[in-house]
Every structure is written in structure tokens, then in C-alpha cells.
There are 2 protein chains.
Amino acid sequence: MSPKVTEEHKENRRLEIMRAAAEVFKRKGYDAVTMQDIIDETGMSRGGVYAYFGSKEELFWALLDQIDDSHAAGYAKLLDRYRNAWETIEHFLRYQEKEIGNTHRSLSPAIFEFFSSGWRDADRQPFLVGRYKRAVGDFARFLRAGVKRGDFRPLQEPEAIAQFVISFLDGLSVDVLLLGSEVCDYRAQLDSLRLYLHQVLQIAETSREDGGSQSTTGETP
Amino acid sequence: MSPKVTEEHKENRRLEIMRAAAEVFKRKGYDAVTMQDIIDETGMSRGGVYAYFGSKEELFWALLDQIDDSHAAGYAKLLDRYRNAWETIEHFLRYQEKEIGNTHRSLSPAIFEFFSSGWRDADRQPFLVGRYKRAVGDFARFLRAGVKRGDFRPLQEPEAIAQFVISFLDGLSVDVLLLGSEVCDYRAQLDSLRLYLHQVLQIAETSREDGGSQSTTGETP
DNA sequence: TTGAAAAACGACATCAGTGTCGTTTGTAAT
DNA sequence: ATTACAAACGACACTGATGTCGTTTTTCAA
């Protein structure tokens, strides 16, 4: 008797299925993907895959959890423990630029599809709400820290600014996804966001050694 | 020989099917809706409905065109021919507030679903791009008019501001749709947008007889 | 080497939705 | 009233995806 394969081997198989699934989801989004697509990508058999994941949705949740774990940590770390307040914002914006620029090569389109066609589904909503509150919370905490240090003198409540920024970034992501990056010119828009933050936080014009590279979009005519 | 029913009757039937379809799309979104649902809602027969619309997608496009015609006109008119520049912005914001507040009772969720699950579809993209460019264009034109009159002294190019505003509004709509209006507090966020515009356009503090009701969100602490 | 049990396989039954098409019904001109 | 034709009907065949389950293969302990 006794088990016939090691626990590790099972875990590897599980991961291999998830890897294959991610590949397919990146290529085809969410709705258009069938279990058969994923099965084909793995090279395994129908029964084999079903032994690990009972449905496309179950598989997708596994991917979401995986992503979320790795992501949330990095995101929070980005905003914690900074040296120079404004520099952190620049850093944050550069990070967002990279993320958004990479949208269509990532799982984002599939994730977006998953939640937008499932927004009535009571099971899916909490995930998004959690993500949103976490993002807003992290950013607001960062702002409050900056206020305490005297780096920022915000014209609004940090919470309000944070919500505003997250909403804007959500919108920008959606627009890039649905319209393409050329149409909505996300780099210029991130410059606008930089300018907005610069103003609403009342940053002194000469922030450390950072020059005047804020406005690629043009000054007042 | 000669036709057996009047042209008008056929048009009415067409409209009735569209009305029924809109009802179903409002209730169930896009993907979850089947032709059968629509057929049931009309009270007609399968063949009857198919005689007018060959597929769910064809039907949805008909609805989109219908909406778009009525919408685009009103939107442009809102921003044209204003008396007081800032007042027009207030008006615009109030309009957006109403729109966003009504999101889940409108076709928006279905439209959103339609485009987000079909963003790879080359046929669907042009529609959204047109909508976006029109919105940005209208808003930018309004801003330029205000500049010419001396009402606005923008810190950025009007185009950039317009894009920023539209992206933000897109984000806000998405967030309201996916997270619910309580979570993302869209009224407060529209106040933030008002404050942003007030600053970026360098509106004098005392604009005509309008008092200081801009910031429900709180002043600098 | 053998054999027992788990893992992997893939054919199959099922299901939901689609679009068609032969039939029935209704209308208006004669 | 009759009739001829379009409109409306709804049963049906088809499709594509799903999840199951009896069979085969693999693995490891004895």
C-alpha cells in the first residue's frame, strides 16, 4: 500500500497546470478560454487536469491568490520605508508606468474580464473590494507619514487624495486595455498625475536635487 | 400580392424587441443573457425574433447605436454655449454624479461587459475609441473656449487636462460598478475632481456669486 | 519481480444554447 | 368570402463545452 507518488510531485503538477492556464488566459482572456484549451496547453489528459481543478473558475481563483500574495507585499513595500517623500512618489509613478505599459502581456485583461462579467457574483466582489481598500489604505498611510514628517502639506484629506489617485489609475488601466496605449497616451497622463500630486501636496518647487522634469506635457501657454 | 403588414408595424416590432432586450440586459448584463431570455421577455416566438435580429450581438449593437445617438448630442450640448465657465463645470460634474449614481440601473454594466470581454475583437474597439476621442475632444474644446475668454488659466495643455478628467471618470465608473457606490464614495471623489479642476484651471477664489461649497471633503488640516 | 493502489487517461453521456425550416396563422387585395 | 403571400411560430438538429467514470499505466513497497 502507501501513497504512490510524493506530495511534492503532486504540487509540481498543480503548479504546471496553473502555469499552463496562465499562459492561455494571457493569450485569450477569460471567457473565451475553455478547459480544453488549458488541457491542451498542459499536454495532459482531461481526467488528469480535472483531478486537480474542478473548473475554470477554481483554477482562476488559484491564479488570483498566487498573484495577489506576491503582489500585495511588493506594493506595500514600495510605499513603506522611504528616504525622500517625493522621490517615493516618482518611484511609485514609474512602477505604475511599467505595470500599465505591460498590461496586455499580463493576466490583467483576463482578470478584468473575470470581474467585469462577474460583478453580480457575490463571491467575486469581496476580492476586489479588498484589493481596492488595501491600495487606498497603503497610499493614504504613505501620505500621512509624509505629512507627519513635514514633506507634504496636502490640500485635502490624505484618504481623499488616495482614493482619487487609485480611481484615476484604475481608469487609466481600463482605457489602455480597451483603447490601446497609443490612443490614451498613458505616459502623458501619468505626467498629469505627477503634476496633480505635486500641487495637491504642495511640494516645494525645488525638491532636493531633482530637476524640472515633471512636465513633458507642457507648461502654461 | 403586395406586403401583408405595414412598414410601421414592422418597425414597431423591431423597437419592441429592442425594448425587451434592453430590459434583460439591464437585469443580467451581457454574457449571461441568452437569446431565449430575450425571446421570453418579448413574449414572441424564437423564429419571430430571429426574423429581426440574427444574434445577440447584432441586437446589442442596435441598442448601442440607439443610445449613442441620443447621448452624444446631449453631452456635447452640455459643454457648448455656456454663460459662466465655472458654473458649466459644476453643471458637468452634477451631470456625471447623476450618471454614475444611476450606473447599476442602466445598460452601463452590460455595455462594460460587452466591451471588456470583447476587447480583442477588432470590430468593437473603434466604437470605444470614437466615444473616448469625442469625450476628450468635447471637454478640451470647452476648456480652450474658456481660456480664450480669460476664464481659465490652465497649468497644463487643455488636451492633457481633458484626458486626465475622462480617465478619472472612467475609473470612477468602473469602481462604482465593480465595488459598489458605498465603497468608493463617488460623491466625495467628484468633489476631489472639482477641487482639482479649480486648481489646475487657476479659478479665482471668488467666482461670481458662488460661495465656498467646493470642499465637502475638508480643507487642509 | 510482483502486485496493489494511486494517478493519468480519454471516450462518453449530458447539457445549454443556437439557428433553421417546414408549418400555421393573419392580413389585405380581389 | 376567397385567396395568396408574408409574418409568426416552435420543434428540431446541431454544436461545443462540461464533468464523469471505467480502463490503463505508473509507481513504490514488499
Side-chain angles (χ1 to χ4, degrees), chain A residues 1-25 27-63 110 113-114 117-118 120-121 123, chain B residues 1-25 27-63 110 113-114 117-118 120-121 123:
Chain A
M1 41 185 130
S2 79
K4 292 297 165 170
V5 299
T6 110
E7 211 49 45
E8 187 200 355
H9 173 247
K10 293 223 285 187
E11 183 60 16
N12 283 343
R13 213 123 222 265
R14 197 183 147 82
L15 287 175
E16 167 53 19
I17 294 171
M18 285 169 69
R19 192 210 54 77
E23 198 53 46
V24 178
F25 284 129
R27 202 159 52 233
K28 304 186 51 172
Y30 182 77
D31 278 337
V33 170
T34 70
M35 271 305 227
Q36 194 57 52
D37 292 330
I38 297 170
I39 289 160
D40 291 347
E41 178 77 21
T42 59
M44 304 179 195
S45 70
R46 196 160 190 76
V49 172
Y50 268 98
Y52 288 87
F53 297 96
S55 68
K56 185 172 71 161
E57 173 151 356
E58 188 180 329
L59 195 30
F60 200 73
W61 275 118
L63 285 174
E113 231 181 292
F114 180 73
S117 63
R120 284 151 219 281
D121 192 332
D123 293 343
Chain B
M1 38 186 132
S2 82
K4 292 297 165 173
V5 299
T6 112
E7 211 49 43
E8 188 200 353
H9 173 246
K10 291 223 285 189
E11 183 59 18
N12 282 343
R13 213 126 224 264
R14 199 184 144 82
L15 287 174
E16 167 54 19
I17 294 171
M18 285 170 69
R19 193 210 55 75
E23 198 53 46
V24 178
F25 285 128
R27 198 158 56 233
K28 302 185 55 172
Y30 182 76
D31 279 336
V33 170
T34 72
M35 270 305 226
Q36 196 56 53
D37 292 330
I38 297 170
I39 289 160
D40 291 346
E41 178 77 22
T42 61
M44 302 179 197
S45 71
R46 194 157 191 76
V49 172
Y50 268 97
Y52 289 86
F53 296 96
S55 68
K56 186 173 71 162
E57 174 152 354
E58 189 181 328
L59 195 31
F60 200 73
W61 275 117
L63 285 174
E113 230 181 293
F114 180 73
S117 64
R120 283 150 220 280
D121 192 334
D123 294 342

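Sequence lines set the chain letters: A, B, ... in the order given, protein chains first and strands last, and positions in each chain run from 1.
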Side chain of [X] - closest among [options]:
X: A:Ser45; options: D:dG10, D:dG19, C:dA8; result: C:dA8
X: A:Lys10; options: D:dC9, C:dA7, D:dG19; result: C:dA7
X: B:Thr34; options: C:dA11, C:dG17, C:dC9; result: C:dG17
X: A:Tyr50; options: D:dT18, C:dC9, C:dT18; result: D:dT18

From [atom1] of [X] over to [atom2] of [N], roughly how many Å is that when rounded to an integer?
X: A:His9; N: C:dA7; atom1: NE2; atom2: C1'; answer: 9 Å
X: B:Gln36; N: C:dC15; atom1: CD; atom2: P; answer: 18 Å
X: B:Arg14; N: D:dA7; atom1: CZ; atom2: P; answer: 14 Å
X: A:Met44; N: C:dA7; atom1: CE; atom2: P; answer: 14 Å
X: B:Asp40; N: D:dC9; atom1: CG; atom2: C1'; answer: 14 Å
X: A:Glu8; N: D:dT27; atom1: CD; atom2: C1'; answer: 15 Å
X: A:Asp37; N: D:dG16; atom1: CG; atom2: P; answer: 13 Å

Lys/Arg N to Asp/Glu carboxylate O, A:Arg13 vs A:Glu16, below 4.0 Å: no

Electrostatic pair B:Glu41-B:Arg27, nearest N-O below 4.0 angstrom: yes

Touch class at under 4.0 angstrom, heavy-atom based, for B:Phe53 against every strand present: nothing

Any B:Arg13 side-chain nitrogen or oxygen under 4.0 Å from OP1 or OP2 of D:dA8: yes

Centroid-centroid distance, A:Trp61 to A:Phe114, less than 6.0 Å: yes

Sub-4.5 Å side-chain heavy-atom contact between B:Tyr30 and B:Glu57: yes

